[in-house]
Participant: 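Structure below; questions to follow.
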Amino acid sequence: MPDASVAAETRAVVQRLGGAFMTSPELAEQEAAAGQPAGTLYFSGRAAALGAPTALVVAETFGIFPPKMVELLLGRATLLPEAALAAYLEALWQWSRTSLADATTADRTADLLCTAIDAADASGLPLFAGLRAAARPDDGPERLGHALMLLRELRGGLHFAALRACGVPLPAAVVADPGAGPARLPLIGWREADAAALVTAAEAIPNLAVRWAAAEDATNLRTDEVLAAALDEDGLTELHMALLALG
């Protein structure tokens, strides 16, 4: 494994490009085309990778959103799981066709990503496992966008497990994350009073910042191990450079 952490150095680009479609005009277009209320397809489509879970299960799995908001939005959604997942993925592919059209090594980078993703142990990572099993596109930019989404989901599942192991409840991780913090809570649906209570509870956790940093280090280590187990040194270096170039 290279001395540098591929996971740490590419975290920002994977987070951004693997999740940009989730709040994109393309997702809103698919939502409207399917006759769904605004703001519902992200929750119903992503959760459909789990089958037909209850709102409580979705809220617990997604981790960072207010459960009441998740329940409200899922209650408005009317698509069956298979159709919701198809619309969600079509939004991803549509976004990828436009946003990743200039990627010069789209197919090769997608190949490297998929090699690692398909070899990864998905036990205890149900959202990643469900999305990994979903249909995949054939087009270069679409494949790349899909693979980036899957790597983001894999890293996210590993991060949630690491946070739990380090004693950081998932909503509290938003408060502790230097890239997010309390200011992000209203942006993901937390009302003022509930956000204030969450911040108070998070700040009462001993050594919160140290715990969050330990979880982040563990996430990077585990992600690096997944990549290194599936790719040889040349392939890992190639993927590292390709992801940095995308950023």
Side-chain angles (χ1 to χ4, degrees), residues 12-55 57-103 106 110 127-128 130-156 171 174 179-180 183-192 194-195 246-247:
V13 67
V14 170
Q15 289 293 98
R16 179 169 60 85
L17 296 182
F21 80 98
M22 297 173 178
T23 56
S24 68
E26 290 84 356
L27 187 76
E29 289 174 17
Q30 289 297 320
E31 193 172 60
Q36 296 303 286
T40 60
L41 184 57
Y42 165 76
F43 290 96
S44 65
R46 190 174 177 222
L50 303 174
T54 65
V57 169
V58 175
E60 296 286 3
T61 302
F62 286 15
I64 64 173
F65 300 101
K68 290 181 181 178
M69 184 188 76
V70 176
E71 182 179 10
L72 175 66
L73 290 173
L74 285 178
R76 294 174 177 171
T78 59
L79 289 178
L80 293 175
E82 184 176 352
L85 180 57
Y88 180 75
L89 293 177
E90 181 56 44
L92 165 62
W93 302 339
Q94 185 181 345
W95 176 89
S96 301
R97 285 194 295 271
T98 301
S99 300
L100 299 176
D102 294 333
L127 193 54
F128 165 68
L131 287 164
R132 184 173 66 175
R136 299 183 189 181
D138 297 320
D139 173 75
E142 293 178 17
R143 288 184 65 232
L144 177 57
H146 193 101
L148 287 165
M149 177 275 292
L150 289 175
L151 180 58
R152 184 181 186 275
E153 293 287 5
L154 172 59
R155 180 190 170 89
V174 178
R184 190 183 176 200
L185 293 175
L187 302 179
I188 56 175
W190 289 87
R191 295 181 177 178
E192 185 176 355
D194 293 333
L246 285 173

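The analysis underlying the following values was restricted to heavy atoms, covering all of them including side chains, and did not include hydrogens, waters or symmetry mates.
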Participant: Quick one: do R132 and L154 satisfy side chain to side chain contact (heavy atoms under 4.5 Å, CB included)? Show the steps, please.
Facilitator: CA-CA 9 Å; R132 184 173 66 175; L154 172 59; over 6 Å; no

Participant: Assess whether atom CZ of R16 is packed by more than 12 heavy atoms of other residues, nucleotides or ligands within 6.0 Å.
Facilitator: yes

Participant: From E26 CD over to S96 OG, what is the distance, rounded to the nearest 0.5 angstrom?
Facilitator: 9.0 Å

Participant: Measuring from Q15:CD to L148:CG, what's the distance to the nearest 0.5 Å?
Facilitator: 11.0 Å

Participant: For residues 32-53, which side-chain N or O atoms pair as donor and acceptor with protein atoms under 3.5 Å away, sequence neighbours left out?
Facilitator:
residue : atom : partner : partner atom : Å
Q36     : OE1  : T78     : N            : 2.8
Q36     : OE1  : L79     : N            : 3.4
Q36     : NE2  : A34     : O            : 3.3
Q36     : NE2  : T78     : OG1          : 2.8
T40     : OG1  : P37     : O            : 2.7
Y42     : OH   : R46     : NH1          : 2.6
S44     : OG   : T40     : O            : 3.2
R46     : NE   : E153    : OE2          : 2.8
R46     : NH2  : E153    : OE1          : 3.0
R46     : NH2  : E153    : OE2          : 3.4

Participant: With heavy-atom distances below 4.5 Å as the criterion, would you say the side chains of V58 and F65 are in contact?
Facilitator: no

Participant: If you round to the nearest 0.5 Å, how far is CH2 of W190 from NZ of K68?
Facilitator: 10.0 Å

Participant: For residues 85-94, which side-chain donor-acceptor pairs fall under 3.5 Å, sequence neighbours excluded?
Facilitator:
residue : atom : partner : partner atom : Å
E90     : OE2  : R97     : NH2          : 3.4
W93     : NE1  : H146    : ND1          : 3.0
Q94     : OE1  : Q30     : NE2          : 3.2
Q94     : NE2  : E29     : OE1          : 2.8

Participant: Please list all pairs meeting salt bridge (charged side-chain N to carboxylate O under 4.0 Å, His left out) that have one or both residues in residues 72-86, counting only residues at least two apart or in different chains.
Facilitator: none

Participant: Verify side chain to side chain contact (heavy atoms under 4.5 Å, CB included) between L246 and L144, making sure each step is shown before the conclusion.
Facilitator: CA-CA 11 Å; L246 285 173; L144 177 57; 4.1 Å; yes

Participant: Drop me the distance from L151's CG to F128's CZ, to the nearest 0.5 angstrom.
Facilitator: 8.5 Å

Participant: Considering all heavy atoms of both residues, which atom of P141 and which atom of A101 are nearest to each other, and what is their separation?
Facilitator: CG-CA, 4.2 Å

Participant: When rounded to the nearest 0.5 angstrom, what distance separates CE in M149 from CZ in F21?
Facilitator: 5.5 Å

Participant: Measuring from atom CD of E142 to atom CG of L100, what distance do you get when rounded to the nearest 0.5 angstrom?
Facilitator: 10.0 Å

